[in-house]
Amino acid sequence: MTATTSDIEKAAGVLRDGGLVALPTETVYGLGANAEDPVAVSRIFQAKGRPPNHPLIVHLGRAEQLDDWVEDVPATARLLARHFWPGPLTLVLRRGRRVPLEATGGLETVAVRVPDHPVALALLSAFGGGVTAPSANRFGSVSPTTAQHVRTELGDAVDFVLDGGPCDVGVESTIVDVSGGTPSILRPGGVTREALEEVLGHPLAVPATSSVRVPGQHPSHYAPRARVVLVEPEKVVVEAEQAQELGHRVGVLLPSSFGDAPVKAHAVVRLPGSAAAYARGLYGFLRELDEQGSDLIFASLPVEEGLGLAIANRLRRAAGPRPA
Ligand code: AMP
Ligand code: MG
């Protein structure tokens with residue numbers, strides 16, 4: 001059920017007491033702590049099993065709070081904030097003094113955003129300060145897009161779960177580094193590269209690998225239990241059926257171009273045609289194929305434009321090499 005006013009008050013109290021609150025945002029569910037409480041922030045890393053040098057995102061209730069949390073805001077950052085906040089855009093800027101190094105993984109830059117979700121904004125307003133939060137999943141696994149995903153994955157490691165229904169965007173925020181000279185995309189996400197370029201008036205680079213520490217850019221992140229195999233779109237059915245015949249329990253993310261063609265596989269998710277619906281459903285689909293007991297998941301990359309860029313990025317990471 002969607003969080004009530006008294007749930008919000010309770011959650012704000014948990015944050016004030018140094019606890020962890022799972023909160024809905026328009027992208028995915030976050031695991032939040034008081035950004036100014038280093039002990040509370042370090043509990044996030046324990047709950048996620050995340051290495052402590054991986055930075056988090058500070059969530060603010062209002063764009064006007066930006067200058068309280070970062071130093072030297074360039075005009076580009078203000079322009080992007082004005083256009084895209086509240087929304088799925090994270091800006092990397094120079095760390096302000098009130099941000100503890102625990103929240104930035106020791107970096108002198110800090111990632112900040114204003115989420116576009118009524119429950120997240122109500123919590124941020126009731127709490128008053130900044131809430132630092134990564135996605136509310138175990139490190140490396142698929143991000144949660146419902147409150148139930150959070151409960152299943154983190155259980156008692158989180159003190160309070162605010163339910164805001166299923167997330168609307170479904171993939172994480174776009175991270176843009178505006179801390180140096182030319183802005184660059186560190187992670188594609190809910191705000192498209194095309195929308196950013198239109199506002200900035202120039203093309204943006206999307207580096208394949210980044211020199212800044214972004215866990216989302218490491219191999220095997222956003223990964224389900226089953227191994228993900230990427231194949232050419234037209235070969236998805238043939239390759240999936242071959243693997244199934246060889247004795248695998250094959251799950252398939254079936255491109256919409258196949259219509260309702262029959263597929264001889266263990267579990268099939270028929271993907272929606274629109275990129276927005278695909279992004280919204282992506283992590284839930286991967287969880288579904290896991291839950292149905294697939295050991296291999298066959299998928300193909302969508303065209304890498306619009307939200308397709310973020311979907312392709314997550315699928316590549318999901319298919320990336322696993323730690324031994
Ligand atoms: P998550 O939502 O779990 O992926 O965590 C937040 C994301 O923001 C991670 O991919 C972080 O690496 C990224 N991030 C946070 N702070 C910074 C920073 N200062 N520089 C680059 N990336 C950052
Ligand atoms: Mg994450």
Side-chain angles (χ1 to χ4, degrees), residues 20 22-33 35 41 44-60 66 69-73 77 88-96 99-115 117 120 130-145 149-150 153-154 157-158 167 169-180 183-191 206-207 209-224 282-283 286-287 310 313-314 316-318 320:
L20 301 185
L23 66 148
T25 80
E26 80 280 34
T27 59
V28 301
Y29 274 71
L31 181 62
V41 172
I44 293 178
F45 292 88
Q46 285 161 22
K48 277 185 67 92
R50 176 163 165 144
N53 63 345
H54 289 225
L56 311 176
I57 295 172
V58 176
H59 294 73
L60 302 177
L66 183 60
W69 294 84
V70 306
E71 306 271 334
D72 304 334
V73 181
L89 176 69
T90 295
L91 298 175
V92 171
L93 289 152
R94 288 193 47 203
R95 181 176 72 94
V99 184
L101 285 168
E102 281 78 0
T104 70
L107 296 174
E108 286 305 328
T109 51
V110 60
V112 193
R113 88 174 184 105
V114 179
H117 192 291
V131 171
T132 192
S135 51
N137 52 284
R138 301 279 307 165
F139 182 63
S141 85
V142 172
S143 299
T145 50
H149 294 163
V150 179
E153 195 153 339
L154 294 179
V158 43
C167 299
V169 175
V171 291
E172 295 79 356
S173 59
T174 303
I175 302 181
V176 176
D177 187 350
V178 275
S179 67
S184 64
I185 296 181
L186 299 181
R187 171 180 78 184
V191 168
V206 185
T209 51
S210 161
S211 56
V212 191
R213 287 198 291 260
V214 184
Q217 299 301 314
H218 287 180
S220 182
H221 209 82
Y222 314 110
L282 176 65
Y283 292 137
L286 292 173
R287 281 173 191 271
N313 172 275
R314 304 308 186 269
R316 278 206 190 87
R317 301 297 154 191

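Computation of the quantities below employed the complete heavy-atom set of this structure, encompassing side-chain atoms and omitting hydrogens, waters and symmetry-equivalent molecules. Remember, it's 1-based here, ligands and their atoms both numbered in the order they're listed.
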Next on the checklist: For T104 and T109: C-alpha separation, side-chain torsions, deciding distance, then whether side chain to side chain contact (heavy atoms under 4.5 Å, CB included) applies.
Outcome noted: CA-CA 7 Å; T104 70; T109 51; over 6 Å; no
Checklist entry - Is a side-chain N or O of S135 found less than 3.5 angstrom from the main chain of N137, in a donor-acceptor match? => result no
Item to check | Metal site the Mg ion (ligand 2): N/O/S of N137 inside 2.8 Å | outcome: no
Checklist entry - Considering distance alone, does some N or O of Y222 sit under 3.5 Å from an N or O of ligand 1? => result no
Checklist entry - Does even one non-hydrogen atom of R95 get within less than 4.0 Å of ligand 1? => result no
Checklist entry - Backbone N or O of A111 within a donor-acceptor pair of the R95 side chain at under 3.5 Å? => result no
Checklist entry - Are any of the side-chain nitrogens in R113 or E172 under 4.0 Å away from the carboxylate oxygens of its partner? => result no
Checklist entry - By number and element, which atoms of ligand 1 are closer than 4.0 Å to a non-hydrogen atom of I175? => result 7 (C), 8 (O), 13 (C)
Checklist entry - Which of the numbered atoms in ligand 1 are below 4.0 angstrom from a heavy atom of R187? => result 1 (P), 2 (O), 4 (O), 7 (C), 10 (O)
Item to check | Selection from I57, V176, N53 by shortest heavy-atom distance to atom 6 (C) of ligand 1 | outcome: I57
Item to check | Proximity winner for atom 18 (C) of ligand 1, if only heavy atoms of L31, T109, V28 are counted | outcome: T109
Checklist entry - Do F139 and H54 have their ring centres less than 6.0 Å from each other? => result yes
Checklist entry - Against heavy atoms of L56, which atoms of ligand 1 measure under 4.0 Å? => result 15 (C), 16 (N)
Checklist entry - Tell me, do E108 and L101 make a side-chain contact under 4.5 Å, heavy atoms counted? => result yes
Checklist entry - Can T104 be said to touch ligand 1, with heavy atoms closer than 4.0 Å? => result no
Checklist entry - Is it the side chain, the backbone, both or neither of L107 that has a heavy atom closer than 4.0 Å to ligand 1? => result side chain
Next on the checklist: Quick test of your reading of the structure: of G189, P55, S135, whose heavy atom lies closest to atom 17 (C) of ligand 1?
Outcome noted: P55
Checklist entry - How long is the span from the CG atom in L89 to the CG atom in L91, to the nearest 0.5 Å? => result 4.5 Å
